[in-house]
Amino acid sequence: MRRLHLVLRRVFLLIACLALALLAYAWLGHRPQDLPWTDLDLERPIGLFTGRKLAALTGDAARCRALLDRAGVAYAPVAPGGTGQCRHADAVRLRLGADAIALSPASVAPSCPVAAALKLWEWHVVQPAAQHVFGQPVRTVAHFGSYSCRRLYGRSEGAFSEHATADAIDIAAFVLKDGRRVSVVNDWAGQGRDAAFLHAVRDGACGLFSTVLSPDYNAAHRDHFHLDQAERGALGGRVCR
Ligand SMILES: [Zn+2]
């Protein structure tokens with residue numbers, strides 16, 4: 001009797017393991033974006049490793065641009081510029097494609113990994129959140145710029161900011177289709193729809209950018225989201241505050 005009990009238990013365990021393996025196989029078979037070793041594909045939804053794969057594009061302009069091309073993103077490459085710590089070599093200017101969110105000012109040219117993450121953010125985070133919260137899309141994202149040869153917080157000493165290589169962008173506000181403006185400085189605090197939207201898009205940015213700093217972080221970020229693609233390696237830390 002005891003022996004039969006043991007055999008039955010083993011059979012049950014085996015069936016459970018097989019079922020789990022099948023479930024995992026089926027899930028991951030349809031979600032390659034959740035595996036660390038698959039190639040990044042901008043046409044797939046955001047996966048568990050999408051953010052790290054985007055940051056890993058830093059320094060590989062050709063591959064990053066090929067991904068933008070394949071996903072049908074309209075952009076113009078920007079010639080390398082700057083020197084030393086302030087050299088940028090993979091900046092792109094996003095062009096306004098059909099139904100795309102306009103960046104304002106439009107002349108901004110962030111690094112390709114930042115631009116790629118901005119597009120994924122637009123498609124999978126910003127527009128779904130705007131539809132959910134306001135029932136209409138965002139037309140324009142207002143920003144405070146990308147490339148700027150400066151150290152962190154504009155100090156005269158210390159580490160250079162990701163802005164010094166165009167590997168960052170500061171997002172200030174979102175203008176909806178009906179013209180209403182939702183800004184970080186005015187609408188972050190509170191319990192209303194605007195605050196809910198801003199918190200949702202901040203949280204969603206964390207799966208796409210290495211560093212996301214919002215008013216939750218400090219007073220220097222009371223009026224914008226700092227988004228960058230600092231490359232900290234496969235196991236490096238990510239910042240979401
Ligand atoms: Zn910034």
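Just so it is clear, the model here is predicted, and its values are computed rather than measured. Whatever order the structure lists them in is the order used to number ligands and atoms, beginning at 1.
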Quiz prompt | H132, NE2 atom: more than 12 neighbouring heavy atoms under 6.0 Å | solution = no
Self-check item: Exceeds 12 heavy-atom contacts within 6.0 angstrom, atom CD of E43
Solution: yes
Quiz item: Below 2.8 Å, any N, O or S contact between H163 and the Zn ion (ligand 1)?
Solution: yes
Quiz item: How about D170: does one of its N, O or S atoms come closer than 2.8 Å to the Zn ion (ligand 1)?
Solution: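 D170 does place an N, O or S atom closer than 2.8 Å to the Zn ion (ligand 1).
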Exercise. Considering just N/O/S atoms, say which atom of H226 is closest to the Zn ion (ligand 1).
Key: ND1
Practice problem: Calculate, to the nearest 0.5 Å, the distance between atoms OH and CZ belonging to Y217 and R222 respectively. | Solution: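 One gets 15.0 Å once the value is rounded to the nearest 0.5 Å.
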Quiz prompt | Donor on one side chain, acceptor on other, D170 and H163, under 3.5 Å | solution =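 Their side chains do contain a donor-acceptor pair, which is all the 3.5 Å distance test asks for.
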